[in-house]
There are 2 protein chains.
Amino acid sequence: MRDQTMPTKLLDAAEYRMRRGGYNAVSYRDLAADTNIKSSSVHYHFPRKEDLGVALIERYTKDFFEVLDKAAKDATTPLEKLQAFNRTYRNALTHSKAVCLCGLLAAEAAGLPEAVNAKVEAFFDGNIRWVEGILPAELPEDEKTRRAIVIVSAHQGAIIVATSMRDANLFDSATTYLEAQIGVT
Amino acid sequence: MRDQTMPTKLLDAAEYRMRRGGYNAVSYRDLAADTNIKSSSVHYHFPRKEDLGVALIERYTKDFFEVLDKAAKDATTPLEKLQAFNRTYRNALTHSKAVCLCGLLAAEAAGLPEAVNAKVEAFFDGNIRWVEGILPAELPEDEKTRRAIVIVSAHQGAIIVATSMRDANLFDSATTYLEAQIGVT
DNA sequence: GTCTATAATTTGATAGAC
DNA sequence: GTCTATCAAATTATAGAC
């Protein structure tokens, strides 16, 4: 694995902090300390905090859908595809031991720059459309939309509840039940 | 309606701000301005911010379960009781146009005082146990727990997704589907 | 209970040298 | 690209008068 560029190191540090404490839990001085440069140098890469936030969500969203598409690559049935979606969220919880960046920022929306909120909305819009696309073709469009929203909402809620109760098994309890319903027409 | 005491006014202002921007979006100076006193006077009522946070979650939790029990008072079937639970969350979204205080603080947990996190956990624990209590008696305990977690998670997620997408109907789309499953044994 | 005054720290951000 | 130096504003919090 070759050396990371400074912007990448900064985004890594920012993602770690922001997914645990939220937007305001990330400061330029913390990021500078994390990457062994000075805070003024952080401003060179991301002039305003809003720029950092937007870049972070863009990378997070891109990575999310790459992992998701890879996980769903060999899946053929709606159930297998839903399991790939589930694993992608579960991996975020297991490996990062943190909530979804966009779930957290969505909750904090009122205090955030509009450019940041727009990127968060796009993440959810993409999530819902992806899930709509894997549901059984015979379902009517509005029913697909409804179920996609349930599935995305339940995954977002499950990752928050599991994190709060410090028990990752709660995530599986919540999402396994969803799987049992996916095939039902 | 008689005059509110200053602690109540402060908690009202704090709840409004915290449910929109999170824990760090609430400052003593903002609360002082909201209630027409000085920030040092706010410290008289809540010496440390942690005290304010704990008091706010305690009140929020008490109010939540009072509204919930009242809404479920005349409900007899599991479905009717679930609908009361659903209405309680939906009211929070409709009237406050904000996410659940505890859902937001759970997501920000890593940056918050331990006393605050403990109160947030207790809110979720109470939520899950309440829903377990309304599920059909013939279900095995572990299945009741599983379904309670799905229901609480889905409501938390739905309020966040609906807020982010600025469409309260998404909340109904997500939760109506849950209702259709409640009676299934 | 509320005020004035103030302390100590942190924050996002900029100017200009190397 | 990174540094030193600095800034203005905001933050939590305290001391002491009324």
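In what follows, every chain begins at residue 1, and chains take the letters A, B, ... in the order their sequences are listed.
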query = Do A:Ser27 and A:Asp30 have a side chain donor and acceptor closer than 3.5 Å?
reply = yes
query = Do you see a donor-acceptor pair shorter than 3.5 Å between the side chains of B:Tyr89 and B:Gln156?
reply = yes
key: Test side-chain hydrogen bond (donor to acceptor under 3.5 Å, both in side chains) applied to A:Asp167 - qualifying residues, sequence neighbours left out   = A:Asn169
task = Provide, to the nearest angstrom, the distance between the CG atom belonging to B:Asn24 and the C1' atom belonging to C:dG12.
result = 15 Å
request  = Considering only NZ, NE, NH1 and NH2 on the basic side and carboxylate oxygens on the acidic side, decide whether A:Arg59 and A:Glu15 come within less than 4.0 Å.
outcome  = yes
request  = For side-chain hydrogen bond (donor to acceptor under 3.5 Å, both in side chains), just list the numbers for B:Ser96 and B:Arg19, CA-CA rounded to whole Å, side-chain angles, deciding distance to a tenth of an Å, and then say yes or no.
outcome  = CA-CA 9 Å; B:Ser96 309; B:Arg19 284 177 65 185; 3.2 Å; yes
query = Rounded to whole angstroms, how far apart are OH on A:Tyr44 and P on D:dG1?
reply = 4 Å
key: d(CG, B:Asn36; C1', C:dC3) in whole Å   = 14 Å
Any A:Ser41 side-chain N or O less than 4.0 Å from OP1/OP2 of D:dC3 = yes
Which pairs, protein N/O on one side and nucleotides 13-17 of chain C N/O on the other, fall under 3.5 Å?
from   : atom 1 : to      : atom 2 : distance (Å)
C:dA13 : OP2    : A:Lys49 : N      : 2.8
C:dA13 : N7     : A:His43 : NE2    : 3.1

query = NA contact type, B:Val42, heavy-atom cut-off 4.0 Å: base, sugar-phosphate, or nothing?
reply = nothing
query = Starting at CD1 of B:Ile37 and ending at C1' of C:dG1, how long is that distance when rounded to a whole Å?
reply = 9 Å
query = So, do A:Asn117 and B:Arg166 sit near enough that their side-chain heavy atoms are less than 4.5 Å apart?
reply = yes
message = Rounding to an integer number of Å, can you tell me how far B:Leu52 CG sits from D:dT12 P?
response = 10 Å
note = In whole angstroms, the gap separating C1' of C:dT11 from CG of A:Leu31 amounts to 12 Å
task = Respond yes when some side-chain nitrogen or oxygen of B:Ser27 is under 4.0 Å from OP1 or OP2 of D:dA10, and no when none is.
result = no
